[in-house]
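Counting from 1, the numbers follow the sequence of the chain as shown. Since the structure is predicted, the reported quantities are computational estimates derived from the model, not experimental observations.
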Amino acid sequence: MRNVLRPVAALLALAAMFQMSAQCPPERDTLPRIDNSRYILTPPAPRSPRINGAKVFGARPGSDFMYRIPCTGDRPMTFTADGLPKGLKLNASTGLITGVARKKGDYKVTLTARNAYGTTERDFTIRIGDEVALTPPMGWSSWNCWGLLIDENLVKETARSMVDNDLVNYGWSYINVDDGWQGVRGGRYNAIQPNPEKFSDIKGLIDSLHAEGLRFGLYSAPWVGSYAGFVGSYCDNPDGRYEWTVRDSCPSYGESWPARYYNFHNARHSFVKNDARQWADWGVDYLKYDWTPNQVYYLREMLDALRDTDRDILLGMSNAAPFGDAPKWARYPNCYRTTGDIRDTWGNMSRIGFRQQDKWAPYNIPGHWADADMMVIGVVGWDGELHHSRLTPDEQYTHVSLWSILASPMFLGCDMSQLDDFTLSLLRNSEIIDVHQDELGYQAVPIFKDDYSVVYAKPLADGSMAVGLFNYSDSERNMVVSPADFGIRGQQTIRDLWRQQDVWKNEAKEKFSAMVPSHGVVMIRIYPGNNQGEEPEGRIY
């Protein structure tokens with residue numbers, strides 16, 4: 001995650017800083033609101049039910065199953081799910097599907113939601129098989145806001161924001177705790193235990209998240225120590241004890257931070273199975289496994305240990321995966337970081353999005369997602385030093401649109417207690433999320449690119465095409481495309497996805513033009529595409 005070659009003097013200064021922050025946690029910076037309401041494009045959700053998010057969800061046979069139907073609209077609401085596989089059941093008032101399905105197969109389910117304003121249905125596939133994460137995960141991760149200050153109260157606060165702001169009803173579901181949660185080894189499995197001063201009852205915390213349909217993730221490393229100097233999944237000693245945790249208490253930041261630079265290595269004794277069993281017992285749903293350079297051996301070891309449990313724990317590999325091993329990343333981890341850490345500047349975000357992702361397109365597939373790192377919108381910061389994102393509103397539209405059309409995992413990194421209406425409008429656009437969660441799982445590719453702009457296109461499962469007109473120049477540009485540029489024929493409609501309205505209808509050969517602001521985007525969908533019933537379905541030989 002961070003540069004490992006800093007001088008010792010800098011380490012000692014950092015150690016002092018983190019020791020002070022551990023003893024006297026800073027009060028949260030509640031920032032003055034920025035009124036970006038004039039930039040809001042997304043219409044509010046209707047009061048009638050609308051089911052959002054993915055149309056397919058995967059689980060392995062015999063694993064604990066949990067899926068909350070993401071549905072906006074006024075409550076109370078009543079749900080039904082026709083065609084559920086044996087072993088699964090639906091809570092009709094919450095829309096939470098739970099249980100254990102043991103027989104492999106694709107189960108075609110009809111989801112229905114009703115409230116006082118109407119009824120809606122949606123086709124949904126539950127795939128019980130070998131692959132999970134059939135669409136890119138969406139959620140929140142702690143590092144880009146709280147860093148080493150993360151604790152259970154911040155997790156609870158984030159969960160409450162996910163629910164109260166309706167994000168859970170758009171498919172945002174993961175709450176992932178990054179580095180800094182770890183204490184010492186112990187418990188039933190001699191596994192990493194949480195720092196009790198931060199997490200007094202981690203299983204109870206996870207259970208409370210599951211009751212809301214939210215998922216919980218943790219962080220570890222296959223080193224002796226993590227990047228921040230806490231216990232990793234390997235040890236030089238057979239009892240799993242470390243020289244900076246020889247007593248029955250947790251190391252202070254001042255002790256752990258300098259030590260980390262002497263513990264960036266694997267060791268003789270693996271505690272990977274111990275840790276995986278403990279995480280499964282707690283009910284963990286996601287693991288961020290962070291080290292560099294990434295080696296297949298340590299990845300496979302953890303993957304096998306997680307799969308030996310009765311939980312579908314997604315494995316996210318971090319960071320900066322070597323492209324030379326791309327076929328292996330497309331086979332093993334559920335998510336694999338393609339970059340170093342993101343920052344909230346146009347130069348950093350645009351470089352990651354426009355220059356570092358295209359080569360991963362052949363390897364970004366359902367179950368195995370190329371991860372461009374966390375989102376840097378809203379109020380962000382590191383270790384509690386919070387500030388409004390330095391991305392302009394147009395740059396934030398570009399950020400969300402690009403991650404969506406590239407099918408990158410989308411993990412928010414902001415203070416969820418300080419979400420404003422503009423930020424919420426970026427996160428609660430069902431049609432942008434539909435592009436991100438499309439079941440084909442294609443990463444968009446550049447159809448046209450020059451020094452000023454790029455046009456990305458992504459085929460969707462219904463035969464339509466998602467297209468992003470991105471302007472990365474310093475002045476507004478008129479961008480012109482036609483559906484025929486993407487191999488689409490016949491009468492077509494173009495829909496502005498951020499405004500959620502049709503804006504053009506014509507023959508495919510005709511031109512569509514849009515004024516795209518500097519560092520901005522116009523996201524469109526061309527429909528019906530070539531999916532007009534002129535060819536038989538199925539494989540043609």
Is a salt bridge present between Arg343 and Asp373, judged by a nitrogen-to-oxygen distance below 4.0 Å? no
Could you walk me through whether Gln357 and Thr338 pass the side-chain hydrogen bond (donor to acceptor under 3.5 Å, both in side chains) check? CA-CA 7 Å; Gln357 302 310 307; Thr338 59; 3.0 Å; yes
Do the side chains of Arg33 and Asp420 get close enough for a salt bridge, i.e. N-O under 4.0 angstrom? no
Are there more than 12 heavy atoms of other residues, nucleotides or ligands under 6.0 Å from atom CG of Asn153? yes
Evaluate the criterion side-chain hydrogen bond (donor to acceptor under 3.5 Å, both in side chains) for residue pair His368 and Glu131; output intermediate values, then yes/no. CA-CA 9 Å; His368 310 278; Glu131 291 285 4; 3.0 Å; yes
Quiz question: by atom type and distance under 3.5 Å, do the side chains of Asp358 and Tyr456 form a donor-acceptor pair? yes
Tyr442 OH: over 12 foreign heavy atoms closer than 6.0 Å: no
Flag, side chain of Ser408 to backbone of Ala372, donor-acceptor distance under 3.5 Å: yes
So if I apply the side chain to side chain contact (heavy atoms under 4.5 Å, CB included) rule between Ile69 and each of Thr94, Leu96, Leu90, which one comes out positive? Leu90
Over all heavy atoms of both residues, which pair between Met410 and Trp172 is shortest? Give the atoms and the distance, please. O-CZ3, 3.4 Å
Rounded to the nearest 0.5 Å, the CD atom of Gln443 sits from the CG atom of Asn364 at a distance of 4.5 Å
Who passes salt bridge (Lys or Arg N to Asp or Glu O under 4.0 Å) against Asp281, sequence neighbours left out? Arg188
Flag, side chain of Asp344 to backbone of Leu391, donor-acceptor distance under 3.5 Å: no
Check Asp178 with Lys288, please: is the shortest side-chain N to carboxylate O separation under 4.0 Å? yes
Is there a side-chain contact between Ser220 and Trp279 (heavy atoms, below 4.5 Å)? yes
Closer than 3.5 angstrom, by distance alone: can the side chain of Ser350 be matched with the main-chain N or O of Trp346 as a donor-acceptor pair? yes
I need the minimum non-hydrogen distance between Trp360 and Ala326, along with the two atoms involved. CZ3-CB, 3.8 Å
Give a yes or no on whether the backbone of Arg50 and the side-chain of Asn52 come within a donor-acceptor separation of less than 3.5 Å. yes
Should Gln356 and Arg351 count as side-chain neighbours, where that means a heavy-atom distance under 4.5 Å? yes
Asp201 and Glu152 have their tightest heavy-atom pair at N-OE1, 3.8 Å
Do Ile342 and His399 come within less than 4.5 Å of each other through their side chains, counting heavy atoms only? yes
With no hydrogens and no angle check, is any side-chain donor or acceptor of Arg185 less than 3.5 Å from a backbone partner on Val231? no
Any donor-acceptor pair under 3.5 Å linking the side chain of Thr158 with the backbone of Leu154? yes
side-chain hydrogen bond (donor to acceptor under 3.5 Å, both in side chains) pairs, two or more places apart, involving residues 202-213: Arg160-Glu212, Lys203-Asp207, His210-Asp285
Taking only residues two or more places apart in sequence or in another chain, which ones pass ring pair (Phe, Tyr, Trp, His ring centres under 6.0 Å) with Phe354? Phe470, Tyr472
Spell out, as yes or no, whether a donor-acceptor pair under 3.5 Å connects the side chain of Gln193 to the backbone of Gln182. no
Shortest non-hydrogen contact from Leu84 to Ile126? CD2-CD1, 3.8 Å
Could you go through Asp421 and Arg428, starting from their C-alpha distance and side-chain angles, then the distance that decides it, and tell me whether this counts as salt bridge (Lys or Arg N to Asp or Glu O under 4.0 Å)? CA-CA 10 Å; Asp421 290 341; Arg428 298 193 302 204; 5.6 Å; no
Among Tyr298, Tyr297, Trp291, side-chain hydrogen bond (donor to acceptor under 3.5 Å, both in side chains) partner for Gln295: Trp291
Would you confirm whether the ring centroid of Phe230 sits within less than 6.0 angstrom of the ring centroid of Tyr219? no
Any donor-acceptor pair under 3.5 Å linking the side-chain atoms of Arg215 with those of Tyr286? no
Using the rule given for side-chain hydrogen bond (donor to acceptor under 3.5 Å, both in side chains), can you reason through Arg68 versus Asn169, listing the C-alpha separation, both sets of side-chain angles and the distance that settles it, and then say yes or no? CA-CA 8 Å; Arg68 172 171 171 158; Asn169 288 321; 3.3 Å; yes
Within the 3.5 Å criterion, strictly below it, is a donor on Ser141 or Asn176 matched to an acceptor on the partner's side chain? no
Could you report the tightest heavy-atom contact between Ala276 and Leu306, atom names first, then the distance? CB-CD2, 3.9 Å
Stepwise side-chain hydrogen bond (donor to acceptor under 3.5 Å, both in side chains) check, Ser270 with Glu301: CA-CA 10 Å; Ser270 170; Glu301 181 190 29; 2.7 Å; yes
Without swapping roles, check the side chain of Asn319 against the backbone of Gly340 for a donor-acceptor pair under 3.5 Å. no
Heavy-atom donor-acceptor pair, Gln396 side chain to Leu426 backbone, under 3.5 Å: no
I'd like to know whether Leu386 forms a side chain to side chain contact (heavy atoms under 4.5 Å, CB included) with Gln418, so could you lay out the CA-CA distance, the side-chain angles of the two residues, the decisive distance to 0.1 Å, and finally the verdict. CA-CA 10 Å; Leu386 303 180; Gln418 299 193 61; 3.8 Å; yes
Could you check whether any side-chain heavy atom of Leu88 comes within less than 4.5 Å of a side-chain heavy atom of Thr98, counting everything from C-beta outward? no
So with a 6.0 Å cut-off around CZ of Arg331, is the heavy-atom count from everything else above 12? no
Within-4.5 Å side-chain heavy-atom neighbours: Val376 and Asn348: no
Non-hydrogen atoms of Tyr189 and Asn274 that approach each other most closely: O-ND2, 2.8 Å
Within the structure provided, determine whether Trp181 and Ser142 are in side-chain contact (heavy-atom separation under 4.5 Å). no
Short question: side chain of Asp64, backbone of Arg311 - any donor-acceptor pair under 3.5 Å? no
How about His387 and Val380: do any of their side-chain heavy atoms sit closer than 4.5 Å? yes
